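Below, chains carry the letters A, B, ... as their sequence lines are ordered, and counting in each starts from 1. The model shown is predicted, which means the values in this text are computed figures rather than measured ones.
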Protein chains: 2
Amino acid sequence: MSETTQCKMISADQKKNLQDRLPSLEVLQRLSEFFGVFADETRLKILFFLSQQELCVADLATLTQMGQSAISHQLKVLRLTRLVKYRKEKTSIFYSLDDDHIHSVFEVAMEHILEGDRK
Amino acid sequence: MSETTQCKMISADQKKNLQDRLPSLEVLQRLSEFFGVFADETRLKILFFLSQQELCVADLATLTQMGQSAISHQLKVLRLTRLVKYRKEKTSIFYSLDDDHIHSVFEVAMEHILEGDRK
DNA sequence: ATATTATATGAATATATACTCATATATGGA
DNA sequence: TCCATATATGAGTATATATTCATATAATAT
């Protein structure tokens, strides 16, 4: 981590200023964790289907063409990050989205993807 | 992947309808790839500093307190995903943001984090 | 040409994570 | 109570990825 190359393009003042404005490590950690949840195709599929309607685990497994266990594991991730909520009915558990911002998240991501195509 | 539990809460029609509306696998792949780029604290730091001003590799290494090689590797990821651009000046290479949507991406992510705190 | 500086890159390693398999838990029905 | 169904979970495995180390490349200056 100690380097042979030195910081010379910016001054010590600028350096301190930039580092002071950097979001706290806790915020950075939670941001990367949040984005990490969306960085998986299976979870994206689950989130898409739940954005259309409430669904039980077995139906999500069928729709995504994945095993029940895999879906359960991923739903746990989504629960822990407060992106989905659930309710029990008989022996089934119905999941639904628990965050209004998910749509906005997808929108800005799609904008980037579409911009890439134009270039 | 073949399961003992069956899809019974939704009809075959509903199932087909939902699966037809699912974004293409290519789009899902690019979305997860895009989010994956933000799912790393080092890259988040780099993106934050570059959102403040253009910077060379050595300065980014100093600011992030990471090795030069680590920063170069991460800059490659950011280049390949078209999030940063660069220009050469003498022996240095100056990086800067190459996407207007990055700010929006952070904003919606912060909204989620702040919502989590309220609960 | 040679040395110096800045950056990039390949290999190796350590860690994280997604899936599968087997099994546990929970709920409702016979 | 015993069984069936739906879901959750722990262990194991395979794969991806972030960092480090050593070295290569590129540009400039002497």
Side-chain angles (χ1 to χ4, degrees), chain A residues 1-10 28-29 32-47 50 54-81 84-96, chain B residues 1-10 28-29 32-47 50 54-81 84-96:
Chain A
M1 204 159 84
S2 66
E3 294 296 312
T4 53
T5 51
Q6 299 111 37
C7 182
K8 45 176 85 60
M9 308 313 293
I10 62 173
L28 289 172
Q29 196 174 322
S32 68
E33 188 182 299
F34 175 75
F35 288 119
V37 176
F38 292 89
D40 178 87
E41 294 179 42
T42 301
R43 285 193 292 267
L44 288 181
K45 289 181 191 173
I46 293 174
L47 290 172
L50 292 182
E54 179 188 63
L55 288 162
C56 67
V57 180
D59 283 357
L60 280 169
T62 304
L63 287 165
T64 56
Q65 307 190 69
M66 299 280 301
Q68 172 268 318
S69 178
I71 298 302
S72 270
H73 279 294
Q74 297 303 353
L75 285 171
K76 184 175 190 174
V77 173
L78 295 171
R79 260 187 282 122
L80 291 175
T81 50
V84 301
K85 57 177 187 272
Y86 62 91
R87 69 180 177 82
K88 300 188 181 185
E89 183 179 314
K90 297 191 176 179
T91 61
S92 293
I93 300 188
F94 287 86
Y95 281 86
S96 56
Chain B
M1 204 158 83
S2 65
E3 293 296 311
T4 55
T5 52
Q6 299 112 35
C7 183
K8 46 177 86 59
M9 308 313 294
I10 61 173
L28 289 172
Q29 196 174 322
S32 68
E33 187 182 301
F34 175 74
F35 288 120
V37 177
F38 293 89
D40 178 87
E41 295 180 41
T42 301
R43 285 193 292 267
L44 289 180
K45 288 181 191 173
I46 293 174
L47 290 172
L50 293 182
E54 179 187 62
L55 288 162
C56 67
V57 179
D59 283 356
L60 281 169
T62 305
L63 288 165
T64 56
Q65 307 188 67
M66 300 280 301
Q68 172 268 319
S69 178
I71 298 302
S72 268
H73 279 295
Q74 297 303 352
L75 284 171
K76 184 174 190 175
V77 174
L78 295 172
R79 259 186 284 123
L80 291 175
T81 50
V84 301
K85 58 177 186 276
Y86 62 92
R87 68 179 178 82
K88 301 187 181 188
E89 183 179 316
K90 297 192 177 180
T91 61
S92 294
I93 299 187
F94 288 86
Y95 281 86
S96 56

To the nearest angstrom, how far is [X] atom [atom1] from [N] atom [atom2]?
{"X": "A:L28", "N": "D:dA18", "atom1": "CG", "atom2": "P", "answer": "15 Å"}
{"X": "A:Q29", "N": "D:dA18", "atom1": "CD", "atom2": "P", "answer": "15 Å"}
{"X": "A:L60", "N": "D:dA6", "atom1": "CG", "atom2": "P", "answer": "14 Å"}
{"X": "A:D59", "N": "D:dT7", "atom1": "CG", "atom2": "P", "answer": "8 Å"}
{"X": "B:E41", "N": "C:dT15", "atom1": "CD", "atom2": "P", "answer": "16 Å"}
{"X": "B:R43", "N": "D:dA18", "atom1": "CZ", "atom2": "C1'", "answer": "8 Å"}

Selection: residues 87-94 of chain A, any non-hydrogen atom under 4.0 Å of DNA chain D: A:T91, A:S92, A:I93

Closest non-hydrogen atom pair between B:L28 and A:E41, with its separation: O-CG, 4.0 Å

B:G36 versus B:R43, closest heavy-atom pair with distance: O-NH2, 3.1 Å

Exercise: do A:Y95 and A:R79 side chains pair donor with acceptor under 3.5 Å: yes

A:S96 side chain near A:L50 side chain, heavy-atom distance below 4.5 Å: no

4.5 Å side-chain heavy-atom contact, A:M66 and A:Q74: no

Geometric class of the A:F35/B:F38 ring pair [parallel <30°, tilted 30-60°, perpendicular >60°]: tilted

Polar pair under 3.5 Å, donor/acceptor by atom type, side chain B:S69, base D:dC21: yes

Donor-acceptor pair (no angle test) under 3.5 Å: B:Q68 side chain, C:dA6 base: no

Any residue of residues 71-80 of chain B with a heavy atom less than 4.0 Å from an atom of DNA chain C: B:S72, B:H73, B:K76, B:R79

Sole candidate of B:L47, B:I71, B:V77 that passes side chain to side chain contact (heavy atoms under 4.5 Å, CB included) when paired with B:T42: B:I71

Atom pair CG (A:D59) and CD1 (B:I10), whose distance is rounded to the nearest 0.5 Å: 4.5 Å

Pairwise distance CG(A:L60) to OG(A:S72) - rounded to 0.5 angstrom: 9.5 Å

Contact under 4.0 Å: A:Y95 side-chain N or O vs D:dA8 OP1/OP2: yes

